[in-house]
2 protein chains.
Amino acid sequence: MTDQELTPPAAGSSSTAETRDAVEPDTIDRGLLEGLLGYHLRRAEVFAFQSFGSTGPGHEGISPGQLGVLLMVQANPGINQTGAGRALGIDRSTLVSIIDALEDRELVERTPSPTDRRSHALIVTAKGESFLKRIRPRLDAHEDELVRHMTAAERATLIDLLRRMVSP
Amino acid sequence: MTDQELTPPAAGSSSTAETRDAVEPDTIDRGLLEGLLGYHLRRAEVFAFQSFGSTGPGHEGISPGQLGVLLMVQANPGINQTGAGRALGIDRSTLVSIIDALEDRELVERTPSPTDRRSHALIVTAKGESFLKRIRPRLDAHEDELVRHMTAAERATLIDLLRRMVSP
DNA sequence: TATTGTTATACTCTATAACTATA
DNA sequence: TATAGTTATAGAGTATAACAATA
């Protein structure tokens, strides 16, 4: 299976290629990279990140990580920081500055937990809710841009495969 | 299309949920996130990055970005920095420190271009070639880990969809 | 004028280790 | 003892703007 997976496609490997004076864009050989899932994943992520900043919600001064936390808190009002981090797959230390930024903009609030004085119950403020409503068109446009070359079925397949990659 | 794409799946939206004292892992609702391609893409990328460091070539002290450049130069001996950056989709300024690191380890060498004194002709050294041979099993293991829940056909589909996302 | 490589700077993202307060 | 939040630190990724040397 391994061998099959890592065999580069059509392009033709040039492991025996000689040094050229110049390599024109059209004659670029991606070699092993072309067959590496990790490589394509990274490129897609970079593309999505840039789309988020131009077409997407980044226009409103929010980062992907901040939006993720905001949506997570919206769906789970009263969740604490450790819980949100676990659900998002990120360390609780990473969340601190994200929530700091969201709280500075008054989109999220740290309220005292009624049951555990160590933790904060996170909630989306009214301002946060209207912010989410306002950026929704940009979020939609961003998602549309990512799938501009795919059918709805292909988009669903892609999400399914990505989810399986992460699942235990 | 937009509406369809962003409709969250089964789980059931809790936009009307009331604040809870605690939110247990099992009762987490990912809300809108569950249907966002950008979200799943980011999680998959984080997973792949961590797999690269544990199972994968990261064990040999190389980063994903460095390996990408190394493989690109291997496939295109004599390519210059701007060309490599363009092929990899990253800015030429970003490449400088990556190539610095590879050159420090003597895996890649900046040789003078015979045709343009502004540019460097990049080549993989003998040490670089043997390094690539040596890490190959780890690279294979890493790729295998990413697709551990997929068939070979699904893996090919995933790569195809990711490539289409990035393509113009 | 335009391009190559470089530097400085800045902004994402992520984590680990150690600390305080509380359970 | 263990957990929640925080801080300090570090390292991965990315880009833009400006400069010197060269085309």
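Here is how names work: the chains are called A, B, and so on, in the same order as the sequence lines, proteins then strands, and each is numbered from 1. FYI, side chains are in, hydrogens and waters are out, and symmetry mates aren't considered; it's all heavy atoms of this structure.
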Euclidean distance, atom [atom1] of residue [X] to atom [atom2] of [N] [Å, nearest integer]:
X      : N      : atom1 : atom2 : answer
B:F52  : C:dA15 : CZ    : P     : 18 Å
A:L67  : C:dT12 : CG    : C1'   : 15 Å
A:D116 : D:dA2  : CG    : C1'   : 12 Å
A:D100 : D:dG5  : CG    : P     : 12 Å
B:I99  : C:dT4  : CD1   : C1'   : 12 Å
A:R43  : D:dT14 : CZ    : P     : 10 Å
B:L95  : C:dT7  : CG    : C1'   : 15 Å
B:L41  : D:dT14 : CG    : P     : 15 Å

Practice task
Spell out, as yes or no, whether a donor-acceptor pair under 3.5 Å connects the side chain of B:N80 to the backbone of B:G83.
Solution key: yes
Can you check whether [X] has a side-chain N or O nearer than 4.0 Å to OP1 or OP2 of [N]?
X      : N      : value
A:R42  : D:dT14 : yes
A:S93  : C:dA15 : no
B:Q81  : C:dT3  : no
A:R117 : C:dA23 : yes
B:R110 : C:dT6  : yes

Exercise for the section: Could you tell me the separation between the CD1 atom of A:I99 and the CD atom of A:E109, rounded to the nearest 0.5 Å? Expected result: 12.5 Å
Answer with yes or no whether [X] presents, from its side chain, a donor or acceptor under 3.5 Å of a partner atom in the base of [N].
X      : N     : value
B:R118 : C:dT3 : yes
A:S119 : D:dT3 : no
B:T82  : C:dT3 : no

Exercise for the section: Assign each of B:P64 and A:D91 to its nearest nucleotide of DNA chain D by heavy atoms, then name whichever residue's nucleotide is nearer the 5' end. Expected result: A:D91
Fill in the blank from the handout: Assert: residue with more 5' nearest nucleotide on DNA chain D, out of A:R92 and A:Q50, is A:R92
Fill in the blank from the handout: The answer to which of A:G89 and B:T94 contacts DNA chain C further toward the 5' end, by nearest nucleotide, is B:T94
Problem - A:L67 side chain near A:I135 side chain, heavy-atom distance below 4.5 Å - result: yes
Practice task
May I ask you to decide whether A:D160 forms a salt bridge with A:R164, counting only side-chain N to carboxylate O separations under 4.0 Å?
Solution key: yes
Practice task
Identify whether the distance between the nearest side-chain nitrogen and carboxylate oxygen of A:E45 and B:R42 falls below 4.0 Å.
Solution key: no
Exercise for the section: Give the nucleotide from the list D:dA12, D:dG5, C:dT22 with an atom nearest to the side chain of B:F49. Expected result: D:dA12
Problem - Nearest-neighbour nucleotide for the A:I98 side chain, C:dT12, C:dT14, D:dT6 considered - result: C:dT14
Fill in the blank from the handout: A:M165 and B:L158 have their tightest heavy-atom pair at CE-CD2, 3.6 Å
